[in-house]
**Student:** 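Input: one structure, supplied below.
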Amino acid sequence: MIMAGKRNTTENSRKHRCSLLNWCLLVFLLVSSTANAAEPWIQLEPGLDLASFPAYIPSGPDDAYLQKDAITVLRIRPDKFEFVLLTSSEKGTQLTPAQWAEHNGLTAVINASMYLPDNRTSTGYLRNGDHINNGYVNKRFGSFFVASPVENVADNATNSTLPAGSRTAPQSNATLQTNSTALPTPLPLAAILDKQADDWERLIKHYRIVVQNFRMINAARVPLWPEDGDAFSIAAVAMNDTQDILFIHCRPPLTVRQLTDSLLELPLGIVRAMYVEGGPQASLHIRTGAMRKTWSGRHASDFWSGAQTEWMLPNILGIRRR
């Protein structure tokens with residue numbers, strides 16, 4: 001697990017500025033070529049599409065190489081798939097992404113969040129119905145993924161004692177109005193809330209699934225991470241401008257800022273994005289009739305063998321066809 005906090009960003013040397021300009025130029029050239037390429041999306045099932053995109057991977061202060069299929073994106077329609085949160089604190093076990101999917105009939109799996117050294121507790125608020133994995137709202141984390149809206153929950157209910165509630169009927173994903181005093185009817189089937197822009201304290205009470213993580217961008221689509229930082233494999237969850245949810249995996253090592261810049265320039269329409277894991281534990285698994293595949297983060301030994309090591313994960317976010 002990589003607990004990637006925000007670092008001091010006072011470095012203003014000429015070398016750093018040149019490297020940043022070179023990176024921005026590479027991203028611009030890459031996106032220009034991607035925009036002219038063939039349609040990247042492949043439909044795996046109705047409401048479930050997969051795409052991969054190239055990325056420039058830094059290999060030195062002023063060098064980078066182009067890697068095909070560096071960024072994998074799974075686009076999910078919430079009216080076609082329900083979201084499932086599975087935790088070791090509730091299930092009593094840790095499994096690989098493929099095992100979580102196989103044992104629970106899931107179509108796809110991604111990390112739910114980073115976790116503490118006890119290998120079960122999320123680093124931010126994490127709730128699945130009545131089960132509380134972590135009831136602490138982390139002040140540093142600005143995003144909440146929410147899914148499975150519930151009915152008949154009072155606004156004054158406490159977040160630690162929410163009733164399981166009854167699920168709303170599947171329908172098109174509604175849109176949350178930023179800072180609106182009235183809740184949308186119906187509530188979106190899944191969404192990513194911005195702690196600085198949305199009435200999150202009220203809204204999370206109306207969902208069975210709540211997962212808190214670092215924001216990658218703010219509500220104005222401005223990257224929030226520093227321009228420097230360590231490079232590693234990254235898993236992320238995002239929401240686009242048509243309310244689809246995106247599971248994102250980047251195996252080649254990038255900084256969070258580099259990945260964020262690339263995602264915002266790609267034709268994905270991302271409006272919210274949250275970092276869920278980094279390093280060798282960052283994982284994505286797809287299990288459909290036509291595909292069984294796991295994308296794992298890089299481990300030190302993988303550089304020599306080329307293998308991908310599947311890690312045992314304590315907490316995962318999955319999808320299941322409605």
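Please read all numbers here as calculations on a predicted model, not as lab measurements. In what follows, residues are counted from 1 in the order of the sequence shown.
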**Student:** Parallel, tilted or perpendicular, judged at 30° and 60°: which one describes the rings of Phe53 and Trp41?
**Tutor:**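 Aromatic pair Phe53/Trp41 classed perpendicular.
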
**Student:** Are the side chains of Asn213 and Tyr275 in contact, using a 4.5 Å heavy-atom criterion?
**Tutor:**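 The answer is no; the side chains never approach within 4.5 Å.
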
**Student:** Got a second to check how far Ile76's CD1 is from Asp49's CG, nearest 0.5 Å?
**Tutor:**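 Separation between the atoms: 10.0 Å.
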
**Student:** With heavy-atom distances below 4.5 Å as the criterion, would you say the side chains of Ile286 and Arg292 are in contact?
**Tutor:**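 No, their side chains stay 4.5 Å or more apart.
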
**Student:** Give, for atom OG1 of Thr121 and atom CG of Leu126, the distance between the pair rounded to the nearest 0.5 Å.
**Tutor:**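 Rounded to the nearest 0.5 Å, the OG1-CG separation comes out at 9.5 Å.
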
**Student:** How far apart are the C-alpha atoms of Asp228 and Thr255, what are their side-chain angles, what is the distance that settles it, and do they pass the side chain to side chain contact (heavy atoms under 4.5 Å, CB included) test?
**Tutor:** CA-CA 7 Å; Asp228 60 351; Thr255 69; over 6 Å; no

**Student:** Step by step, would you call Leu86 with Leu106 a side chain to side chain contact (heavy atoms under 4.5 Å, CB included)?
**Tutor:** CA-CA 11 Å; Leu86 299 175; Leu106 304 179; 3.9 Å; yes

**Student:** Taking atom types as modelled, find out whether Thr294 and His285 have a side-chain donor-acceptor pair closer than 3.5 angstrom.
**Tutor:**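 Their side chains do contain a donor-acceptor pair, which is all the 3.5 Å distance test asks for.
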
**Student:** May I ask whether Tyr136 and Val211 are part of the same hydrophobic cluster, defined by side-chain heavy atoms of I, L, V, M, F, W, Y residues being less than 4.5 angstrom apart, directly or through others?
**Tutor:**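 Cluster IDs for Tyr136 and Val211 differ.
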
**Student:** Roughly how far, to the nearest 0.5 Å, is CD1 of Ile316 from CG of Leu95?
**Tutor:**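 The CD1 atom of Ile316 is 9.0 Å from CG of Leu95, to the nearest 0.5 Å.
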
**Student:** Looking at every heavy atom in both Ser143 and Arg215, which two are closest together, and how far apart are they?
**Tutor:**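 Ser143 and Arg215 have their closest heavy atoms at OG-CG, 2.9 Å.
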
**Student:** Whether the side chain of Ser88 engages the backbone of Gln94 through a donor-acceptor N/O pair (distance < 3.5 Å, no angle test) should be reported.
**Tutor:**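 Between the backbone of Gln94 and the side chain of Ser88 there is no qualifying donor-acceptor contact (under 3.5 Å).
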
**Student:** Between Asp194 (side chain only) and Ala219 (backbone N and O only), is there a donor and an acceptor less than 3.5 Å apart?
**Tutor:**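 Yes, Asp194 side chain to Ala219 backbone: donor-acceptor pair under 3.5 Å.
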
**Student:** Run the side chain to side chain contact (heavy atoms under 4.5 Å, CB included) check on Thr260 and Ile217 step by step: do they pass?
**Tutor:** CA-CA 8 Å; Thr260 303; Ile217 58 175; 3.6 Å; yes

**Student:** Would you mind reporting whether Ile71 and Ser262 have side-chain heavy atoms less than 4.5 Å apart?
**Tutor:**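 Yes; the side chains approach each other to less than 4.5 Å.
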
**Student:** If every non-hydrogen atom of Ala235 is compared with every non-hydrogen atom of His249, which pair is closest and at what distance?
**Tutor:**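 That closest heavy-atom pairing would be CB-CD2, 4.4 Å.
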
**Student:** Enter the distance from Ile270:CD1 to Arg221:CZ here, rounded to the nearest 0.5 Å.
**Tutor:**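 The CZ atom of Arg221 is 7.5 Å from CD1 of Ile270, to the nearest 0.5 Å.
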
**Student:** I'd like to know if the side chain of Ser122 pairs up with that of Asn315 as donor and acceptor (distance under 3.5 Å, no hydrogens or angles considered).
**Tutor:**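 Note: Ser122 and Asn315 side chains miss the donor-acceptor criterion.
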
**Student:** Which atom names give the shortest non-hydrogen contact between Asn240 and Asp244, and what distance separates them?
**Tutor:**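 Minimum heavy-atom contact is OD1-N, 2.8 Å.
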
**Student:** Quick one: side-chain contact (heavy atoms from CB on, under 4.5 Å) partners of Glu45, sequence neighbours excluded?
**Tutor:**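 With sequence neighbours excluded, Glu45 shows a side-chain contact (heavy atoms from CB on, under 4.5 Å) to Leu48, Phe81, Thr107, Thr288, Arg321, given in chain and number order.
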
**Student:** Salt bridge check, Asp199 against Lys205: does any charged N sit closer than 4.0 Å to a carboxylate O?
**Tutor:**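 Salt bridge: no.
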
**Student:** Give the C-alpha distance, both sets of side-chain angles, the deciding distance and a yes or no for side chain to side chain contact (heavy atoms under 4.5 Å, CB included) between Thr123 and Leu116.
**Tutor:** CA-CA 6 Å; Thr123 51; Leu116 297 176; 3.8 Å; yes

**Student:** Does any N or O in the side chain of Trp100 come within less than 3.5 Å of the main-chain N or O of Leu313, such that one atom is a donor and the other an acceptor?
**Tutor:**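 Between the backbone of Leu313 and the side chain of Trp100 there is a qualifying donor-acceptor contact (under 3.5 Å).
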
**Student:** Closer than 3.5 angstrom, by distance alone: can the side chain of His206 be matched with the main-chain N or O of Leu187 as a donor-acceptor pair?
**Tutor:**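 Looks like no, no N/O pair under 3.5 Å.
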
**Student:** Working to the nearest 0.5 Å, report the span between CG of Leu317 and CG of Leu85.
**Tutor:**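 Those atoms lie 6.5 Å apart.
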
**Student:** Do the side chains of Val84 and Ile319 get nearer than 4.5 Å, heavy atoms only?
**Tutor:**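 When only atoms from C-beta onward are counted, Val84 and Ile319 do not touch, as no gap falls below 4.5 Å.
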
**Student:** Just by distance, do the side chain of Arg272 and the backbone of Ala238 share a donor-acceptor pair under 3.5 Å?
**Tutor:**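 Judged by distance alone, no pair lies under 3.5 Å.
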
**Student:** So, does Glu90 use its side chain to make a donor-acceptor pair with the main chain of Thr87 at under 3.5 Å?
**Tutor:**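 Side chain of Glu90 to backbone of Thr87: no pair is present.
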
**Student:** Check whether any side-chain N or O of Gln212 sits under 3.5 Å from a backbone N or O of Phe141 as a donor-acceptor pair, and report yes or no.
**Tutor:**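 Yes; at least one donor-acceptor contact below 3.5 Å.
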
**Student:** Tell me if a side-chain donor or acceptor on Arg251 pairs with a main-chain N or O of Ser296 at a distance below 3.5 Å.
**Tutor:**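 Looks like yes, one N/O pair under 3.5 Å.
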
**Student:** Can you find a pair of side-chain heavy atoms, one from Val237 and one from Ile248, that are under 4.5 Å apart?
**Tutor:**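 No; the side chains remain at least 4.5 Å from each other.
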
**Student:** Atom NZ of residue position Lys195 - does it have more than 12 heavy atoms of other residues, nucleotides or ligands inside 6.0 Å?
**Tutor:**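 More than 12 heavy atoms, drawn from other residues, nucleotides or ligands, come within 6.0 Å of this atom.
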
**Student:** Taking the side chain as C-beta and beyond, is there a heavy-atom pair between Gln243 and Pro78 under 4.5 Å?
**Tutor:**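 Not touching, per the 4.5 Å side-chain cut-off.
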
**Student:** Using the rule that Ile, Leu, Val, Met, Phe, Trp and Tyr join whenever any side-chain heavy atoms are under 4.5 Å apart, tell me whether Leu259 and Tyr65 fall into a single cluster.
**Tutor:**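 Linked within one cluster.
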
**Student:** Side chains of Glu277 and Ser113: closer than 4.5 Å at any heavy-atom pair?
**Tutor:**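 The answer is no; the side chains never approach within 4.5 Å.
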
**Student:** For the atom pair CZ (Arg298) and CD1 (Ile234), what is the distance rounded to the nearest 0.5 Å?
**Tutor:**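 So the gap between those two atoms works out to 12.5 Å.
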
**Student:** Grab the two heavy atoms, one from Asp69 and one from Ser52, that are nearest each other, plus how far apart they are.
**Tutor:**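 Closest approach of Asp69 to Ser52, heavy atoms only: OD1-OG, 2.8 Å.
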
**Student:** Quick check against the 3.5 Å criterion: does Asn111 have a side-chain atom that pairs as donor or acceptor with the backbone of Ser283?
**Tutor:**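 The answer is yes, because a donor-acceptor pair under 3.5 Å joins these two groups.
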
**Student:** Taking all non-hydrogen atoms of both residues, which atom of Met216 and which atom of Ala236 are closest, and how far apart?
**Tutor:**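 The answer is SD-CB, 3.8 Å.
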
**Student:** Determine whether Arg322 and Leu189 make a side-chain contact, defined as any pair of heavy atoms from C-beta on separated by less than 4.5 Å.
**Tutor:**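 Sidechains of Leu189 and Arg322: in contact.
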
**Student:** So, does Asn218 use its side chain to make a donor-acceptor pair with the main chain of Val222 at under 3.5 Å?
**Tutor:**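 Looks like yes, one N/O pair under 3.5 Å.
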
**Student:** Show the nearest heavy-atom pair for residues Met239 and Ala191, with the distance to one decimal.
**Tutor:**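 Closest approach of Met239 to Ala191: SD-CA, 3.8 Å.
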
**Student:** For the rings on Phe145 and Phe83, is their centre-to-centre separation under 6.0 Å?
**Tutor:**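 Yes.
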
**Student:** Does the pair Arg120/Asp118 count as a salt bridge with the N-to-O cut at 4.0 Å?
**Tutor:**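 Here Arg120 does not pair with Asp118 in a salt bridge, since their nearest N and O are not under 4.0 Å apart.
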
**Student:** Do the ring planes of Phe144 and Tyr125 sit parallel (below 30°), tilted (30 to 60°) or perpendicular (above 60°)?
**Tutor:**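 Plane angle over 60°, so perpendicular.
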
